[in-house]
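Everything on this sheet refers to the single structure shown next.
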Amino acid sequence: MAAIINVKNFSKFYGDYLAVEDVSFEVEEGSSFAFLGPNGAGKSTTINALCTIIDKTSGVLLIDGEDVSKQQKKVRKAIGIVFQEPTLDQQMTVQENLVAHCILYGVPRDEIGERIGILLDLVDLLEWRNRTVSTLSGGMKRRVEIVRALVHYPKVLFLDEPTTGLDPQTRNRMWEYIMKLQKEKNITIFLTTHYIEEAEVCDRVAIMDDGKIIVNDTPQALKTRYTKTRAVLKVKDSRKAEIYLLQQEFRYEKSGEYLHLEVDDMERFIETIHSLKDDVLDLEVTKGSLNDVFLEITGKKIREGGDAG
Ligand SMILES: Nc1ncnc2c1ncn2[C@@H]1O[C@H](COP(=O)(O)OP(=O)(O)OP(=O)(O)O)[C@@H](O)[C@H]1O
C-alpha cells in the first residue's frame, strides 16, 4: 500500500530549542497510526506541522503527495483535525456548526445536508442536530467535532488526544465510532493519546522521546521485541517438570501449584511443553503490554502528567 503521510528528516526549532530532531516516518493509506511519547516529546509539534498550523525548520512533509509547506490549501482539504480543546461554537446548533464548516471547506451546497445526516447518524447524533452545542455532554460534543472533521471527506484524520477528559465508557464508545468511520470511509487515522489501549488497536505505533522517534512498528512486534514473555504452568508431577526445566536452563518460580517462568526462546519453550505434554494440566502464556514497551523505551509511564481519567 502507498504512504499517504511521508515525513523525511523533519526538524523544528523554537528559537534555539530543538523540539523535533531529524524525524522520518511514513503512514500507509487507510491505516491507523498511534503517535506516543511523554510530555514534551514533540508530538504536538509534529502533528501541528503536518496540519499546516506551524512551519517546519527543515525537512519534507507530504500529505497525499502534497508538500504541507507549499500546498497548504490542498493539504487542509485533505485532512480533518480533532484537537483536545473543543473548538465548536457553543451558541450555535450542531447543524449550524457543521454547515459553517462545509461552506468554509467548499463542500457543494446540494451535498451538505446529506453528508451531515449520514455522519451524524453514524455517531448516533441525528436527533440532536438542531440542539444548541452548549446543551450537549462532553462526549457528544467530541462526536460532533469528529463529524465536523470528516464532513469535507478528508483522507487523513488527525486526532490529538481526542478522548482526554472523557470517562472510560464514553472513551470506548468514541473509539468504536472512530473505527467504524475509518472502515466505512477508508480514512487514515493519525492519533496521539495518553491512553495505551487506544494505541493497542492501531496498525502501527511510533514512540517519540526527546524530539526523536525511537521505535515505529506494529504493537505486536514492539511487545515481542521490548517485553518479556511469561508462562504459567500447572503440571501433574511438579518435581518431574522442575527437573526438566532446570535441565533446559529455564528460570522459574513456584507459587502454589503453579510454575512461573520467563520465555526467552519460544522455540525451546514449545519443545519443552511438548516433552511435558502428558503432565501439563494448565498453561497460560502472556506477552508484556504496550505499557511495558513504553516504560522500557522512555523510562516513563505513559500517563505521567497525562489525564488520569
Ligand atoms: N511555541 C513554543 N515555543 C517554545 N517551545 C515550545 C513551543 N511549543 C512547544 N515547545 C517545546 O517543544 C517541546 C515539544 O513540545 P510538544 O508540545 O511538541 O510536545 P508533546 O509531545 O506534544 O507534549 P504533550 O504530550 O505535553 O502535549 C517541549 O519541550 C515544549 O516545551
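In what follows, every heavy atom counts, from backbone to side chain, and hydrogens, waters and symmetry copies are set aside. When a ligand or atom number is given, it counts from 1 through the structure's own listing order.
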Do any side-chain atoms of residues 144-157 form donor-acceptor pairs under 3.5 angstrom with protein atoms, and if so which ones, sequence neighbours left out?
from : atom 1 : to   : atom 2 : distance (Å)
E145 : OE2    : T87  : N      : 3.1
R148 : NH1    : T87  : O      : 3.4
R148 : NH2    : T87  : OG1    : 2.5
H152 : ND1    : H101 : NE2    : 3.0
H152 : NE2    : I79  : O      : 2.7
K155 : NZ     : D64  : OD2    : 2.8

Show me the side-chain donor-acceptor pairs of residues 199-210 shorter than 3.5 Å, one per line, residues at least two apart or across chains.
from : atom 1 : to   : atom 2 : distance (Å)
E200 : OE2    : K223 : NZ     : 2.5
D203 : OD2    : S32  : N      : 2.8
D203 : OD2    : S32  : OG     : 3.3
R204 : NE     : N216 : OD1    : 3.1
R204 : NH2    : N216 : O      : 2.9

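Side-chain N/O atoms of Y244 and S275 include a donor and acceptor closer than 3.5 Å.
Close approach to A41 involves these atoms of ligand 1, each under 4.0 Å from a residue heavy atom: 19 (O), 20 (P), 21 (O).
L259 has its side chain within reach of V235: a pair of non-hydrogen atoms, C-beta onward, lies under 4.5 Å apart.
Residue, atom and distance of the protein heavy atom nearest to atom 4 (C) of ligand 1 are Y14 CB, 3.4 Å. Nearest protein heavy-atom neighbour of atom 26 (O) of ligand 1: N39 ND2, 2.9 Å. Here the protein heavy atom with the shortest distance to atom 16 (P) of ligand 1 is T45 OG1, 3.7 Å. The single protein non-hydrogen atom nearest to atom 19 (O) of ligand 1 is G42 N, 3.2 Å, given as residue, atom name and distance. Scanning the protein for heavy atoms near atom 27 (O) of ligand 1, the closest one is S44 OG, 3.6 Å. Residue, atom and distance of the protein heavy atom nearest to atom 29 (O) of ligand 1 are Y17 OH, 3.2 Å. Among protein heavy atoms, the minimum distance from atom 23 (O) of ligand 1 is reached at G40 N, 2.8 Å.
Note on I178 and L88: same hydrophobic cluster, where clusters join Ile, Leu, Val, Met, Phe, Trp and Tyr whose side-chain heavy atoms are under 4.5 Å apart, directly or indirectly. One hydrophobic cluster, built from ILVMFWY side chains closer than 4.5 Å, cannot hold both L295 and I196; they sit in different ones.
For the side chain to side chain contact (heavy atoms under 4.5 Å, CB included) test with I297, the passing option among I214, L36, D292 is I214; the others fail. Among T57, V20, I54, the one residue that satisfies the side chain to side chain contact (heavy atoms under 4.5 Å, CB included) test with Y14 is I54.
Counting only non-hydrogen atoms, the option in E161, M208, K43 that gets closest to atom 21 (O) of ligand 1 is K43.
Only the side chain of H194 comes within contact range of ligand 1, with a heavy atom under 4.0 Å; no backbone atom does.
In this structure, atom 31 (O) of ligand 1 has no protein heavy-atom contact shorter than 4.0 Å. Taking a distance limit of 4.0 Å, we find that atom 6 (C) of ligand 1 is approached by some protein heavy atom.
For a threshold of 3.5 Å applied to N or O pairs, the pair formed by A19 and ligand 1 contains no separation below that value.
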Under the side-chain contact (heavy atoms from CB on, under 4.5 Å) rule, what do I273 and L233 come out as? Steps first, then yes or no, please.
CA-CA 9 Å; I273 293 300; L233 194 62; 3.6 Å; yes
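Look at G37 and you'll find every heavy atom at least 4.0 Å from all atoms of ligand 1. Judged by the shortest distance from any of its heavy atoms, P38 lies inside the 4.0 Å radius around the atoms of ligand 1.
Taking the six-membered ring wherever Trp is involved, the centroid distance between the rings of F25 and F33 falls below 6.0 Å.
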